[in-house]
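So that the names make sense, note that chain A is the first sequence line, chain B the second, and so on, each numbered from 1.
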Amino acid sequence: MDALRVERPEIIARATETIGEMVALIERLASEDIAYKVDDGSWYFRIAKFPDYGKLSGKDLEGIEDGARVDVDEYEKDAKRDFALWKAVKPGEHAWDTPLGTGRPGWHIECSAMAMKHLGPSFDLHGGGEDLAFPHHENEIAQSECASHVPFARHWFHVRFLLVEGKKMSKSEGNFYTLRDLLLKGYRASAIRFLLVSVPYRHQMNFTFEGLTESANAIERLRTFARRVEAAGGTLALPAALNADLDALVAEKLTAYGAALDNDLNTAEARAAVFDVVRAANIALDHGTFGRGNIARVQKLLQALDAVFDVLTDRDADVSKAAVAWAKAEGRTDIAPDLLVSQSISDQEIEALIAERTDARKRRNFARGDAIRNELAEKGVLIEDGKAGVTWKRR
RNA sequence: GCACCGGUGGCGAAGUGGCUAACGCGCUGGUCUGCAAAACCAGUAUUCGUCGGUUCAAUCCCGACCCGGUGCUCCA
C-alpha cells in the first residue's frame, strides 16, 4: 500500500471486535420478526419482509427463485433465498456464546455491524469488488435498513476486475503477480500506480507489462515537464509578458480536469487534460512565448494532477531498493539483473562521472564523453545535456 | 442455461445521435544537438466485434449472433 502511495485507512475494523453489535442488530431484526431462528440454532433473514430486495443489483427475485438450486442446509429455511445472520456452532469451529445461542456470525451481518458502528446507520459511500454486489451488498442493505429504518449507504461503487495480459488473473493461468513480483521484475512503483489509476474504476482494464512500460514513459514526460517549468522560473530568459492564450487554455484544462474527476472519477479524461497542457506549454517554451506569468497556473494544474495521481515525485528507487532487500532476505533469486545493476551505482558516483564527462567535453574530447555516457547508460542512468547544464535520471 | 456489464488505431484507453473519433505509449520521417537525450513538427482508425433495423443522419438507439468479464451454489 505504501509503495503505491495508497493512503492507509483511519480505521481497520475487526469483525471479532464487533460481535456485540452484530448480536444487537439481529435481536432488533428478531423483534420485528424479520430474523428467525431455525431448529439447529441458526438465525436467518426473512427476505419477504424487505420488498426492496434486489434494488442494488437489479436482480429479479422471482427469476432467481426459479433457477435456484436447493442445497442440503436449506431445508429448514422459510424461503430459499433467506440468508444466514447467525450460524449455530459446528464441531471444531470457533464460536461465541451470545443471547442468540452459541455460534458465529453470518458473513453479511459482520459488514453491516462494522459499518454502522463506525459510520452510523447512514453514510455516503460503500465500495467493493464487482463480485460482491450480489448477494453480499444486497444482503447488507436488507438487514441494515430493516434494522435502522433509514437508508444505509447513499452511494455504492463496484470496481471491475482487471484482466492481466488479456486474461482473467489466476494462479493456474500463470498471470498472477504480486506488487513485489512486479517491482522485482524492474517495474517502478509509480508506473504501476499510474497504470492502475489511469483507467476509471468502473471499467475493466487490461493490465499488461507493455502497459507498465508505457506508463513509466508517460510519467517521465510529466516529470520532465514539471522540472522544465520549475527551471524556467529560475531563468531570466523568460519573457515577462503573460501568454494570455496559453493561460486561457490552462484555465480551461484545469476546469476540465476537475470536471472529469467529478464525473464519477473519470481519471482517463482528467489526465488527458493535463497532457493537453503539457504539449501546449512545451510549444510555448520552445518558442520563447511562455511568460513568467504563466508559471503559476501551470503549476497549479500539476499540483492538481499530483494530488490524485501522485507520481511526479520520484520515490521509485527507494521502493525498489526495499523490495530487493526484502527479496534477498527471503532468498529469492528472481530479481531482474537490470535492477541490481542500476542499484549498484550511487548518486555520488554518478555525479563524479558526469563531472568528468563535462570536463572531457569542454576539451572536445567527445570520445571520452560518450564512453562515460555509455557506461552510465549500461547502469540505467540517462544523461541529458540541457542549456542550463547536464541533468540525469535513472531509467 | 439465465441476468447484468463490456468489445474503439500496433498497444493502453476516453467519448458523443450530426463538428478533424480525445489522451498516453509505440512506430516512420523531420527540426534542434558535436552525437545523443529531452522538446517540437508531420504522418500513423474513411473507422468504433459481426450482421441486420430505426433515423435526414449511428461508433453512440433497437434486435440477433460471436467473443470476454461478473453474478446466479458454498465459503469469506
I'd like a list of close polar pairs between nucleotides 19-23 of chain B and the protein, N/O only, cut-off under 3.5 Å.
residue	atom	partner	partner atom	Å
B:C23	OP1	A:R279	NH2	3.3

Looking only at atom P, what distance separates B:A13 and B:C2, rounded to whole Å?
29 Å
What distance, rounded to whole Å, do you find between the two P atoms, one in B:C56 and one in B:C27?
48 Å
Looking across every strand, which nucleic acid part, if any, lies under 4.0 Å from A:R361 by heavy atom: base, sugar-phosphate, or nothing?
base
Within this structure, what is the NE2-to-P distance between A:H158 and B:C4, rounded to whole angstrom?
17 Å
Results of side chain to side chain donor-acceptor pair (under 3.5 Å) for A:N243 - residues two or more places apart only
none
Qualifying residues under ring pair (Phe, Tyr, Trp, His ring centres under 6.0 Å), relative to A:F309, sequence neighbours excluded
A:F194
Where A:A360 and A:R368 come nearest, the two heavy atoms and their spacing:
CB-CG, 3.9 Å
Distance between C1' atoms of B:U20 and B:U31 (Å, rounded)
25 Å
Round to a whole Å and report the spacing from CZ of A:R373 to P of B:C35.
11 Å
Please compare A:L382 and A:R160 by the position of their nearest nucleotide in RNA chain B and report the one closer to 5'.
A:R160
Which residues pass the side chain to side chain donor-acceptor pair (under 3.5 Å) test with A:D359, sequence neighbours left out?
A:R363
Between B:G12 and B:G69, how far apart are the two P atoms, rounded to whole Å?
15 Å
Taking only Lys NZ, Arg NE, NH1 and NH2, and the carboxylate oxygens of Asp or Glu, determine whether A:D310 and A:R315 approach each other closer than 4.0 Å.
yes
Applying a 4.0 Å non-hydrogen cut-off, can you work out what A:F161 is touching in the nucleic acid: base, sugar-phosphate, or nothing?
sugar-phosphate
Not counting sequence neighbours, which residues clear side-chain contact (heavy atoms from CB on, under 4.5 Å) with A:E375? List them please.
A:L353
Suppose you measure atom C1' in B:G9 against the same atom in B:G15; what distance do you get, rounded to whole Å?
15 Å
Please state whether the phosphate of B:U70, meaning OP1 or OP2, lies under 4.0 angstrom from any side-chain nitrogen or oxygen of A:K168.
yes
Do A:R180 and A:W326 form a cation-pi contact, if we require the NZ or CZ to be under 6.0 Å from the six-membered ring centre and within 45 degrees of the ring's axis?
yes
OP1 or OP2 of B:A76 versus the side-chain N and O atoms of A:R104: is any pair under 4.0 Å?
yes
May I have the distance from A:D286 (atom CG) to B:A42 (atom P), rounded to whole angstrom?
13 Å
Does A:K321 come within less than 4.0 Å of A:D316, counting only side-chain N to carboxylate O?
no
Could you pick out which residue, A:N282 or A:D131, lies toward the 5' side of RNA chain B when each is mapped onto its nearest nucleotide?
A:N282
So, do A:F134 and B:G71 meet the stacking rule of ring centres under 5.5 Å and planes under 30°?
no
Using the P atom on both, measure B:A42 against B:U47 and round to a whole Å.
24 Å
How many whole angstroms separate atom NE2 of A:H136 from atom C1' of B:U70?
17 Å
Hey, can you pull the residues of residues 204-222 of chain A with a non-hydrogen atom under 4.0 angstrom from RNA chain B?
A:Q204, A:M205, A:N206, A:E210, A:E214, A:N217, A:A218, A:R221
Say we look at B:U59 and B:C25: how far apart would their C1' atoms be, to the nearest angstrom?
23 Å
In numerical order, the residues of residues 11-25 of chain A whose heavy atoms come under 4.0 Å of RNA chain B are none
Charged N-O contact under 4.0 Å between A:R279 and A:D276:
yes
Side-chain ion pair, A:E173 and A:K168, N-O less than 4.0 Å:
no
Should A:H203 be listed as having a side-chain N or O under 4.0 Å from OP1 or OP2 of B:A14?
yes
Give A:K87 one of three labels, base, sugar-phosphate or nothing, depending on what nucleic acid heavy atoms sit under 4.0 Å from its own.
sugar-phosphate
Which listed nucleotide (B:A39, B:G68, B:C35) is nearest to the side chain of A:L163?
B:G68
Tell me: CZ of A:F83 to P of B:U73, nearest whole Å?
15 Å
Can you tell whether the side chains of A:K55 and A:E145 come within less than 4.0 Å, N to carboxylate O?
yes
Which whole-number value in Å describes the distance from A:M114 CE to B:A76 P?
12 Å
Does the side chain of A:H118 pick up a donor-acceptor pair with the side chain of A:E21 at under 3.5 Å?
no
Quick one, which residues of residues 139-148 of chain A touch RNA chain B with a heavy atom under 4.0 Å?
none
Work out how far the P atom of B:C60 is from that of B:G18, and round it to whole angstrom.
11 Å
A:D40 bridged to A:K87 by N-O distance under 4.0 Å
no
Under the side-chain contact (heavy atoms from CB on, under 4.5 Å) rule, collect the residues that match up with A:K393, sequence neighbours excluded.
A:E220, A:T224, A:R227, A:L382, A:E384
Pairing residues for A:L125 by the side-chain contact (heavy atoms from CB on, under 4.5 Å) criterion, not counting sequence neighbours:
A:H155, A:F157
Indicate yes or no: at least one non-hydrogen side-chain atom of A:I26 is less than 4.5 angstrom from one of A:I109.
yes
Which nucleotide in B:C75, B:C72, B:A37 has an atom nearest any side-chain atom of A:E384
B:A37
So does A:D338 pair up with A:K379, basic N to acidic O under 4.0 Å?
no
Report the residues that fulfil salt bridge (Lys or Arg N to Asp or Glu O under 4.0 Å) with A:E130, sequence neighbours left out, ordered by chain and then residue number.
A:R160
Check whether any side-chain N or O of A:N266 sits under 3.5 Å from a backbone N or O of A:E269 as a donor-acceptor pair, and report yes or no.
yes
According to the Watson-Crick and G-U wobble definition with distances under 3.5 Å, which dot-bracket string, read 5' to 3', encodes RNA chain B, using [ ] for crossing pairs and | for pairs with another strand?
(((((((..(((.....[....)))((((((.......))))))....(((((..]....))))))))))))....
Could you state the CG-P distance from A:D82 to B:C74, rounded to the nearest angstrom?
12 Å
Atom-to-atom span, CG of A:L56 to P of B:C4 - whole angstrom:
15 Å
